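So the structure is just underneath, and the comments pick up after that.
Positions are given from 1, in the same order as the sequence printed here. All ligand and atom numbering here is 1-based and tracks the order in the structure. Keep in mind that this is a model prediction, so the values were computed, not measured.
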Amino acid sequence: MDPTMREPAVLFVCLGNICRSPLAEAAFRAEAAKAGLKAVADSAGTADYHIGEPPDPRAIRTAAGFGIDIARYQGRQAVAADFNRFTHILALDHSNLANLQRIAPVGHEARLSLLLDLVPGREGQAVADPYYGDEAGFLVTWDEVSLAARHLVQHLR
Ligand code: 4NP
């Protein structure tokens, strides 16, 4: 299919798919809805630690604080076939990006980059992993993924 004819399909990828990428998916869904942008959105982890599990309770509470329910999201692992299903694959940090590059099929057409590459002035930067910190770190994550989501929606519409 001609990629310019496709509805955007965006995959957000972190390590565990329970903290950063579910928040990024939720923020993008909210920003896309606000802007009237029709897009597919999903998230995944490069690791298999949390397959089938809901997001971290701290991520669920953080999203709930902004009126968004992510409690039914389910962790899954990123796979090579994602490169054919998604037009944009956005890694939350450099290690996630390297892991995705390792599984990317030759000749895929998905655009693969760091999520913060979309934010002027934050190119090349990672969204820090809040997993080992306290709940306040999840608010920082939310702010960063929301900012990136707004830029992504502007880029896609
Ligand atoms: P995430 O955070 O990659 O943002 O979902 C993590 C979740 C789980 C683990 C590490 C980071 N873990 O080691 O289980």
Side-chain angles (χ1 to χ4, degrees), residues 8-33 39-105 108 110-153 155-156:
V10 185
L11 180 66
F12 300 91
V13 181
C14 62
L15 175 64
N17 192 208
I18 57 168
C19 299
R20 291 166 292 174
S21 62
L23 289 176
E25 176 187 344
F28 175 72
R29 286 180 183 279
E31 293 296 334
V40 170
D42 195 8
S43 61
T46 56
D48 62 1
Y49 309 150
H50 299 287
I51 293 173
E53 294 178 17
D56 186 286
R58 297 165 295 177
I60 294 175
R61 284 195 292 271
T62 299
F66 294 93
I68 300 172
D69 180 10
I70 63 168
R72 277 170 216 80
Y73 285 18
Q74 281 197 346
R76 75 165 179 93
Q77 190 171 20
V79 292
D82 286 322
F83 285 83
N84 300 319
R85 288 182 51 210
F86 292 92
T87 56
H88 296 71
I89 300 182
L90 298 159
L92 277 283
D93 70 27
H94 302 84
S95 147
N96 313 143
L97 180 62
N99 286 329
L100 287 165
Q101 282 161 342
R102 240 189 313 279
I103 65 163
H108 75 82
R111 288 217 201 164
L112 175 61
S113 72
L114 286 171
L115 179 65
L116 287 181
D117 281 348
L118 302 165
V119 181
R122 302 286 315 262
E123 299 92 342
Q125 294 182 19
V127 174
D129 190 348
Y131 183 67
Y132 294 103
D134 59 18
E135 194 135 345
F138 283 74
L139 258 185
V140 175
T141 303
W142 178 260
D143 284 345
E144 292 186 335
V145 300
S146 296
L147 177 65
R150 285 195 285 278
H151 283 279
L152 179 56
V153 166
H155 170 74
L156 294 174

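- In this structure, atom 13 (O) of ligand 1 lies nearest to the protein heavy atom Y132 OH, 3.3 Å.
- On a distance-only criterion, G16 and ligand 1 share at least one N/O pair closer than 3.5 Å.
- The main-chain N or O of V127 is never found under 3.5 Å from a side-chain atom of R122 such that the two would form a donor-acceptor pair.
- The backbone N or O of V140 lies less than 3.5 Å from no partner atom in the side chain of D143, so there is not a single donor-acceptor pair.
- Residue contacts with ligand 1: S21 is placed with no nitrogen or oxygen under 3.5 Å of a nitrogen or oxygen of the ligand (distance criterion only).
- Within a 6.0 Å radius of CZ in R111, no more than 12 heavy atoms belonging to other residues, nucleotides or ligands are found.
- Scanning all protein heavy atoms for the shortest distance to atom 2 (O) of ligand 1 gives D129 OD1, 3.2 Å.
- Taking the six-membered ring for Trp and thresholds of 30 and 60 degrees, W142 and F66 have nearly parallel ring planes, at less than 30 degrees apart.
- Atom OH of Y49 has 12 or fewer neighbouring heavy atoms from other residues, nucleotides or ligands inside a 6.0 Å radius.
- Looking only at protein heavy atoms, the nearest one to atom 12 (N) of ligand 1 is Y131 CE2, 3.6 Å.
- Geometrically, ligand 1 and Y49 share no nitrogen or oxygen pair separated by less than 3.5 Å.
- Counting the atoms of ligand 1 from 1 in the order shown, those under 4.0 Å from a heavy atom of I18 are 5 (O), 7 (C), 8 (C).
- In terms of N/O distances under 3.5 Å, ligand 1 is not approached by C14.
- Taking every non-hydrogen atom of H50 and a distance limit under 4.0 Å, the qualifying atoms of ligand 1 come out as 8 (C), 12 (N), 14 (O).
- Side-chain N or O atoms of R102 include none that pairs as donor or acceptor with a backbone N or O of L97 at under 3.5 Å.
- Side-chain atoms of Q77 come within 3.5 Å of backbone N or O of T46 as a donor-acceptor pair.
- Neither the backbone nor the side chain of D56 comes within contact range of ligand 1; no heavy atom lies under 4.0 Å.
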